[in-house]
Amino acid sequence: MDFIAEKVIGGLSSLAVKELGIICNLRDDKQKIESIVSSITAVLKDAEAKANQHQVRTWVEDLKDILFDADDLLDDFSTEALRRKLMRGSKMIRKLKTFFSKQNQIAYAFKMGHRMKEIRKRLDDVANTRQQLQLHNYAVENPDAYRQRQTFSFVREDEIIGREEEKNRLKGYLFDANVTDNVSVISVVGIGGLGKTALAQLVYNDEEVQRKFDLTMWVWVSHEFDICKIAQNIVRQACQKENKNNGGRAQNILGQAENIVGIEEAQQKLRDKIRGKKYLLVLDDVWSEDRELWIQLKRLLMEGGHGSKIIVTTRNKRVANIMSAYQHVVLEGLDFERSWKLFCQMAFDEGTEPRDSELVDIGKVIVKKCGGVPLAIRSVGSLLFSRKCEYNYWRHIRDVEFPKIEQKEDKTLAVLKLSYDYLPSCLKHCVAYCSLFPKGYRFEESQLIWLWMAEGFIQLSDDTRCEEDVGHEYFMDLMSKSFFQDVERDVFGEIWCKMHDLMHDLAHLVAGNEYAVLREGKEADIKQRTRRLSCHFPSIFASNVSSSLTKGVKIRTLLCTEYYTEIYSGSSAFGYVLNLKCLRTLKLFNLDIEEIPESIKELKHLRYLQLSNFPWLQKLPSEITGLPNLQTLWLIRCPKVKELPSDVNKLINLRHFSILGYPIRLECMPQGVGELSSLHTLMPFAMGPTDSVSRLRALSGLINLRKLYITRLNFLRQCARDVDNAKVLVAKAHLQELRLWWSEFYQGNEDEEAVHNDEIILQGLQPHRSIKILAITGFSGTSLPDWIWGLSSLVRLELWSCVFLTSPSEGILNLKSLQNLVVIGCPILSDRWRREELRLAHIPNVCIGSYIQRGSTVSSLQLPQWLWH
């Protein structure tokens, strides 16, 4: 909680509060609040340590509620200051006079003065109670000092210690040719944290295993054994494999999985996909003991070819018996030798036992107390890695913390809680925030960081670094401490991961009353102190749920966390959301509304807005530019949105703007985009039929861009020379990903002039040489510019529908960093490269049309997400 206290103190010292505080005559109240919060911060560590005492816990919750209210008030000040700054530059004189009228200032001063005095009084009461609770002062750890001594000891997820015997046994069961049934079940059983999923992954990804089966699929099941969802997941993965085998051209194949409606259709498509094929299916983390449900699913799965296998991972041996497993792999805790090897890998440099005998002795005592549970060993090993030369710290963990753990009923969770307790406050908030997502949720690093930014979790110690980079450090820190697992880096460089069930239980435990999760079949438990809310089922806009939102007037986060194909009516219920005036984050799915209500401008604290699958949404209202704090604006599968508000330049804090999904209908970018100097992500930047070059030059001012997607470049053909002269991208040293799109696909009407002009345009769009991803679609030229072969950091090159492209020259050999090459719809080039396979031998992952290079490790072709959305 010291994090929110520090945030309030920082807010009180801000320039906006100083300026508006004078107007509102709040100087004395501001100084008094700052003094009280500073004095209370010193006892927070002691209060959190005594949180098991009812009175102290109540005191902490009361204080936290006040601090959140104070933070809302201070954010109100800074937003008001932003709005006044924007109005000063406006030409709307009448509105300007009204805004700065004496009546307006008096009303605002009265309102702010009342709220500030109320918070001061509440803080006085809490401060007085502190004396009665006999809380003591403790120095609060400096997060910056922590970060300076912290290094990462991230171990690859496929380096699983001590399970070679179990792996070989499981592989032997998969290859057993003496099984008479077409489809047979093998179980992996063990308590939480032993590595059941990790073992199954190790075998599932084994090259020999992959070659033995026609089809391999992985479905995470968890507590809800929903046959329809399981069938949909199996069909989706089967479609992805078909798409891969078709060279990525069969978009309609992927659509088969996304458009399934109802259990009957799901069952029929499941039968069709697996019929006669020898498949391997992993059902991960099964809990249900309902034998009838399993029998219904098994009837569908029996359509597979002879030798098909199903691996079931479960904590309950009874589940394995119900599923008629003919073989069992029972995981026990690691013996001491293997436990110590894993601990050394996590706790010491180079993963080897040090020569320091004292540290070794302390470490061995701690390892014995972990009971052979790999997750617990990883967690405490990562914790100690950060203090690997501090003997007193190690002794404290051994002699003080572990005796407490031994008194707990769930010792594994207690060890994980120990790792959490020693995190800096900012990271504790990041862990608790993950409780809003369902178990098994696949996190994307960048999106998670943007959500943390919206909540203000990321602390900057100086102005030389951006929040995204510090957020990356937070993420990597938590990953190194085993709070995340199943970590993968896709071909675009994005990191994806999951949270272990036990870590998710921990996140839920520490989240407290300020977090609430709505689950299907459970009553909405929203309280007045609820600050963050997520919904794990589609009917959030049902009347009984929507009306309960009125209790949560202080809600800062509202997340819908799962995607559903059914579209829901949200026109009336959207009003409930717009009454949540403290919202920082809003993520909604599947609504049938045609326009966003104008009253969205009242959500003045909003930082993150994501609208997914709004099929009838026509445009964004101009009132959305009245959200000066907005940092992230995502529109996903909103195919009818064709324009943006003309005064988009008012979104002065916008950092990430994306319209994802195919097709993208955005016709033109307003000129004001060039004033959004904070932009990191701009996808797309759409060219229009008029003033195209001047619009393109607007990119010059966007010096912080990291991802850029320019569409409708065909409109630049009439002024190609001006594009070449402008050179708007070459100086953008931060740019990492560039996508250039002329038109949807080649239509057959490009003349010789268009071919020549496209080559000039592409020459003029030369990026900085540090770029890592380059994609070109619909280019009509015959050759690529020479600057491409000087991109020494390029790791991914995509060429789509470049029908006249003959050869990109011998320069392909110069791209030493290139890891992924995708060439689709380029017939002349494809034919040539198929004949000259050796030229591409240095590139690990190559896909040319329907041709996939032998030995390629591209998973499901890894086509760009924007194409399939």
[X] with [Y]: basic N within carboxylate O range, under 4.0 Å:
| X | Y | result |
| --- | --- | --- |
| Arg211 | Glu208 | no |
| Lys167 | Asp206 | yes |
| Lys772 | Glu737 | no |
| Lys269 | Asp272 | no |
| Glu488 | Lys498 | no |

Could you tell me which non-hydrogen atom of [X] sits nearest to which non-hydrogen atom of [Y], and how far apart they are?
| X | Y | answer |
| --- | --- | --- |
| Ile848 | Val846 | CG1-CG1, 3.8 Å |
| Gly372 | Pro374 | O-CD, 3.2 Å |
| Met499 | Gln485 | C-CG, 4.5 Å |
| Leu270 | Leu301 | CD2-CD2, 4.3 Å |
| Met503 | Leu416 | CE-CD2, 3.8 Å |
| Leu297 | Phe225 | CD2-CZ, 3.7 Å |

If I take atom [atom1] from residue [X] and atom [atom2] from residue [Y], how far apart are they, to the nearest 0.5 angstrom?
| X | Y | atom1 | atom2 | result |
| --- | --- | --- | --- | --- |
| Thr216 | Leu281 | OG1 | CG | 10.0 Å |
| Leu300 | Glu303 | CG | CD | 8.0 Å |
| Leu342 | Glu337 | CG | CD | 13.0 Å |
| Leu202 | Lys171 | CG | NZ | 9.0 Å |
| Ser222 | Asp501 | OG | CG | 5.5 Å |
| Ile824 | Leu799 | CD1 | CG | 10.0 Å |

Compute the ring centroids of [X] and [Y], then answer whether they are less than 6.0 Å apart.
| X | Y | answer |
| --- | --- | --- |
| Tyr204 | Trp218 | yes |
| Trp634 | Trp450 | yes |
| Phe484 | Phe475 | yes |
| Phe385 | Phe348 | no |

Hey, is the main chain of [Y] close enough, under 3.5 Å, to the side chain of [X] for a donor-acceptor pair?
| X | Y | result |
| --- | --- | --- |
| Ser339 | Asp335 | yes |
| Asp214 | Lys278 | yes |
| His504 | Phe437 | yes |
| Ser830 | Cys826 | yes |
| Ser612 | Phe589 | no |
| Asp477 | Glu473 | no |
| Thr314 | Trp287 | no |
| Ser184 | Asp181 | no |
| Asp226 | Lys229 | yes |

> Can you list the steps and then say if Trp220 with Asn233 is a side-chain contact (heavy atoms from CB on, under 4.5 Å)?
Replying inline: CA-CA 9 Å; Trp220 183 78; Asn233 282 327; over 6 Å; no

Hey, does [Y] have a side-chain heavy atom less than 4.5 Å from the side chain of [X]?
| X | Y | answer |
| --- | --- | --- |
| Trp294 | Asp290 | no |
| Arg796 | Leu774 | no |
| Leu331 | Val329 | yes |

>> Gln267 vs Gln296, test: side-chain hydrogen bond (donor to acceptor under 3.5 Å, both in side chains). Steps then yes/no.
In response: CA-CA 10 Å; Gln267 292 178 355; Gln296 291 178 36; 5.4 Å; no

>> Between Ser419 and Ser379, is the side-chain hydrogen bond (donor to acceptor under 3.5 Å, both in side chains) condition met? List the steps.
In response: CA-CA 6 Å; Ser419 290; Ser379 178; 2.5 Å; yes

>> Tell me if the NZ atom of Lys212 is crowded by more than 12 foreign heavy atoms within 6.0 Å.
In response: no

[X]-[Y] side chain donor-acceptor pair, cut-off 3.5 Å:
| X | Y | value |
| --- | --- | --- |
| Gln819 | Ser817 | no |
| Asp486 | Gln201 | yes |
| Ser382 | Ser480 | no |
| Trp800 | Glu798 | yes |

> Going through the distances and angles, do His223 and Lys439 end up as a side-chain contact (heavy atoms from CB on, under 4.5 Å)?
Replying inline: CA-CA 9 Å; His223 293 267; Lys439 285 186 176 181; 4.0 Å; yes

I'd like a table of donor-acceptor pairs (distance under 3.5 Å, sequence neighbours excluded) in which one partner is a side-chain atom from residues 185-200, with atom names and distances.
unit_1 : atom_1 : unit_2 : atom_2 : d
Ser187 : OG     : His328 : ND1    : 2.6
Lys196 : NZ     : Gly190 : O      : 3.0
Lys196 : NZ     : Ile191 : O      : 3.1
Thr197 : OG1    : Asp284 : OD1    : 2.8
Thr197 : OG1    : Asp284 : OD2    : 3.2

> On the ring face of Tyr279, is Lys309 found with NZ or CZ under 6.0 Å from the centre and within 45° of the axis?
Replying inline: no

> Would Ser324 and Lys298 count as a side-chain contact (heavy atoms from CB on, under 4.5 Å) if you check the C-alpha gap in whole Å, the side-chain angles of each, and the deciding distance to 0.1 Å?
Replying inline: CA-CA 10 Å; Ser324 305; Lys298 190 173 182 180; 4.1 Å; yes

> After noting the C-alpha distance and the side-chain angles of Thr352 and Cys344, does the key distance pass the side-chain contact (heavy atoms from CB on, under 4.5 Å) rule?
Replying inline: CA-CA 6 Å; Thr352 57; Cys344 289; over 6 Å; no

> Listed by chain and number, what are the salt bridge (charged side-chain N to carboxylate O under 4.0 Å, His left out) partners of Arg318, not counting sequence neighbours?
Replying inline: Glu289

